[in-house]
Each structure stands twice: as structure tokens, then as C-alpha cells.
Amino acid sequence: MIKRGFAHLGVFFLYLVSLLPLPFLFFFARLLYYLLYYVIGYRKKVVRENLLRSFPEKSADQIIKIEKDFFLFLSELIFEIIKMTTISKQETLKRVKFTGLEQLEKHFNAGESVLACTGHYGNWELGTLALGLSISAKTMVIYKPLTNKIFESWFNTFRTKYGNVFIAMRQTLRGMAAYKNEPTLLCFASDQAPTREESKYFVDFLHQPTAALLGVEKIAKATNRPIFYFKVNVVKKGYYHVDVLPMCLNPASANEFEITNLHFKFLEDIIKEQPQYWLWSHKRWKFKPE
């Protein structure tokens with residue numbers, strides 16, 4: 001009961017913080033960066049190890065530079081996500097621009113559904129919010145539920161406030177069935193680490209064997225829905241541009257694991273361009289091939 005009370009209090013505090021203008025919140029983000037990086041050292045060891053393994057060709061100074069840039073962006077991202085509680089439609093669309101959405105609309109106009117693939121890069125949360133405001137079809141996002149149900153409810157309230165539908169990972173097929181009679185865009189951020197039981201296939205990603213979730217590939221091959229990759233570019237602080245790129249337009253004819261390999265290749269290329277915007281604090285490489 002006490003924990004629930006503190007959780008509700010925390011959510012109310014986050015709502016009050018979200019009322020502040022984003023440029024003002026970035027001032028607090030800078031303070032949070034110093035706290036996380038220099039005082040607490042939040043997952044600093046995890047980030048350092050991930051970077052060293054992923055970029056063996058980079059010098060120690062280059063690794064530390066990426067590390068610091070990542071922690072600064074993570075701090076800004078936290079406040080951007082808090083701001084989503086009260087962000088308006090106008091500001092959402094001002095901060096996230098898309099190129100290539102007309103490719104999706106051709107399918108929607110023909111009554112066809114599409115799969116979207118991306119990673120935890122840039123502000124993926126704000127990107128999905130803007131996406132739902134930018135296309136004619138229903139945007140459905142597959143997500144991994146949080147342990148704390150009060151904070152999960154807070155997250156999902158602002159995630160869905162403009163019409164997006166969020167579906168728990170294990171309810172994917174049920175969610176698809178509920179909207180089978182209308183065109184939809186089903187979105188996956190498939191770079192999360194699978195469980196030990198799910199770690200059946202490993203892809204070569206950032207110089208190391210990486211366990212891959214196979215949900216996108218299984219659904220794509222079963223339904224033959226075309227797959228588009230959403231490449232997020234960080235334009236400047238708080239502003240993003242997303243390129244919609246065809247990844248696999250005829251999944252039924254793809255070889256086994258071809259779609260999964262393509263997804264990780266797209267993501268790896270983006271990370272190499274601007275590595276500081278990927279979620280390096282995630283314990284991505286917990287499992288190795290047996």
C-alpha cells in the first residue's frame with residue numbers, strides 16, 4: 001500500500017514537471033546528466049563494456065566521448081518522455097518530421113496492413129506518438145509491459161492519448177485479430193534482449209553474437225505484410241527526422257532469418273553513424289550461443 005502511494009505521488013509529480021516548457025526542462029536534464037554520470041555512475045560499467053565490445057577499433061578517448069554524449073542524451077530523453085504527458089499535437093508534429101509516409105499510404109488505400117521496424121534509438125516514444133498523428137491507418141505498437149503497473153498506466157496514458165494502440169508483446173496475435181478488418185501499421189522495436197528461452201537465433205551485430213527476437217519475421221512471413229524500417233535521425237536537441245525505408249516488401253519469399261538479419265543491419269548502420277543515440281545502458285548481451 002505504501003509503495004502504491006509513493007508511486008501515485010511520483011506520477012503526480014511527473015505530471016507537474018511536464019507542464020514546464022521543454023527548453024526549460026533541458027536545463028534540469030543537464031543537472032541530471034552530471035548526477036547520473038559523475039555522482040551516481042548509473043550503469044556506467046554496462047555502458048562502457050557495451051561500447052568497448054561494439055567499437056574495438058575506437059580509442060579510449062573516443063569511447064569516453066561517446067559514453068558522455070550518451071548519458072547527456074539519456075538525461076534529455078528522460079525529460080522529453082516526461083513532457084509527453086502534456087505535449088500538444090502541434091508541438092509533437094513540430095518536433096518529429098517524416099519522409100516517405102506516402103509509401104505506407106499506398107498500402108493503406110489498397111486496404112493492406114504494414115509492419116514497421118525500428119530500434120530503441122533517438123526518442124522512439126515521441127516518434128510513435130507523432131506517427132499516429134501522421135498516417136491514416138491505426139498505429140499499433142508492440143511493447144514489453146513494466147513491472148510497476150502504476151507507472152505502466154502512466155506511460156500508456158500518454159502513449160495512447162492521440163489514438164495509438166499499445167499491445168503487450170505476448171498479446172500480439174490477439175491484438176492483430178481485433179483489427180483484422182482494417183488497415184493497420186504494426187510497430188516493433190525489436191532490438192530488446194530476448195529471455196534465455198527465446199534466445200534461439202543469434203545475429204552478428206556490432207562485432208558480437210547477439211540474441212534476436214523473431215516476432216517480426218514470423219508475423220511478416222505468415223501474413224506477407226510488407227516491412228518498412230523507420231530510421232530516426234536526431235536533427236538537434238528535441239527534434240527528430242524519420243526516414244521511412246522499404247526493408248522487405250515480399251516477406252513470404254524471404255529466406256529463413258533474412259528479415260531478422262536485415263533489421264539488425266539497418267540498425268547497426270544507423271548506430272555507427274551516431275552511436276550516442278542508442279540505448280547503451282540496456283544489458284543487451286546477457287546470453288551467448290550455446
Side-chain angles (χ1 to χ4, degrees), residues 10 13-14 16-87 91-92 94-97 118-130 146 151 154-155 158-159 189 191-193 205-207 230-243 267-285:
F13 173 74
L14 292 175
L16 294 179
V17 172
S18 75
L19 296 172
L20 297 171
L22 197 50
F24 192 69
L25 293 179
F26 283 141
F27 168 76
F28 291 107
R30 173 66 67 167
L31 298 180
L32 179 61
Y33 159 66
Y34 287 118
L35 182 65
L36 291 179
Y37 189 77
Y38 291 103
V39 180
I40 299 175
Y42 170 75
R43 292 202 173 184
K44 201 170 177 180
K45 183 179 179 181
V46 173
V47 173
R48 179 73 58 87
E49 289 178 353
N50 284 344
L51 288 171
L52 287 171
R53 288 198 302 264
S54 300
F55 300 107
E57 75 283 1
K58 293 188 182 297
S59 67
D61 288 343
Q62 289 174 314
I63 293 294
I64 292 173
K65 174 68 165 57
I66 296 171
E67 181 181 274
K68 290 181 178 179
D69 289 345
F70 162 72
F71 274 100
L72 178 57
F73 175 71
L74 177 64
S75 301
E76 293 167 353
L77 177 64
I78 289 170
F79 280 95
E80 285 181 25
I81 290 175
I82 292 171
K83 180 62 183 176
M84 287 174 63
T85 307
T86 54
I87 196 169
E91 186 168 6
T92 300
K94 182 179 75 171
R95 291 185 173 276
V96 183
K97 304 291 185 182
T118 190
H120 289 83
Y121 185 92
N123 191 338
W124 63 91
E125 294 282 2
L126 188 62
T128 23
L129 194 65
L146 299 176
F151 279 101
W154 169 69
F155 260 104
F158 67 70
R159 283 168 163 171
D191 56 341
Q192 291 176 299
F205 175 63
L206 293 173
H207 300 286
F230 281 61
K231 179 184 178 183
V232 179
N233 304 283
V234 182
V235 179
K236 60 180 180 179
K237 188 181 299 185
Y239 289 86
Y240 303 88
H241 185 274
V242 183
D243 291 312
L267 179 60
E268 183 177 70
D269 288 345
I270 295 166
I271 292 172
K272 286 180 177 178
E273 289 177 16
Q274 292 182 302
Q276 65 269 35
Y277 300 125
W278 193 51
L279 196 60
W280 293 102
S281 54
H282 182 49
K283 294 180 179 179
R284 186 61 187 84
W285 290 279

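Counting all heavy atoms, side chain and backbone alike, Y37 lies closest to E67 at OH-OE2, 2.5 Å. Of all the heavy atoms in T85 and S18, the pair that sits closest is CB-OG, 3.6 Å.
For E125, the side-chain hydrogen bond (donor to acceptor under 3.5 Å, both in side chains) criterion is met by R159, not counting sequence neighbours.
Around CZ of F27, the count of heavy atoms belonging to other residues, nucleotides or ligands within 6.0 Å does not exceed 12. Within 6.0 Å of the OH atom in Y239, the count of heavy atoms belonging to other residues, nucleotides or ligands exceeds 12.
We find the CG-CD distance between L206 and E268 to be 5.0 Å, quoted to the nearest 0.5 Å. From L72, atom CG reaches atom OH of Y34 across 8.5 Å, with rounding to the nearest 0.5 Å. For the atom pair CD1 of I87 and OG1 of T92, the computed distance is 4.0 Å after rounding to the nearest 0.5 Å. T118 OG1 to I270 CD1: the interatomic distance, rounded to the nearest 0.5 Å, is 6.5 Å. To the nearest 0.5 Å, atoms NE2 (H120) and CH2 (W278) are separated by 10.0 Å. Taking CD1 of I81 as the start and CG of L25 as the end, the distance is 12.5 Å to the nearest 0.5 Å.
Proximity of a side-chain donor or acceptor of R284 to a complementary backbone N or O of D191 within less than 3.5 Å is detected.
Using a 4.0 Å cut-off between charged nitrogen and carboxylate oxygen, D61 and K65 do not count as a salt-bridge pair.
Taking the six-membered ring for Trp, F158 and F155 have ring centres closer than 6.0 Å.
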| field | Step-by-step ring-ring contact (aromatic ring centres under 6.0 Å, His included) determination, W280 to F55 | value | CA-CA 12 Å; W280 293 102; F55 300 107; 5.7 Å; yes

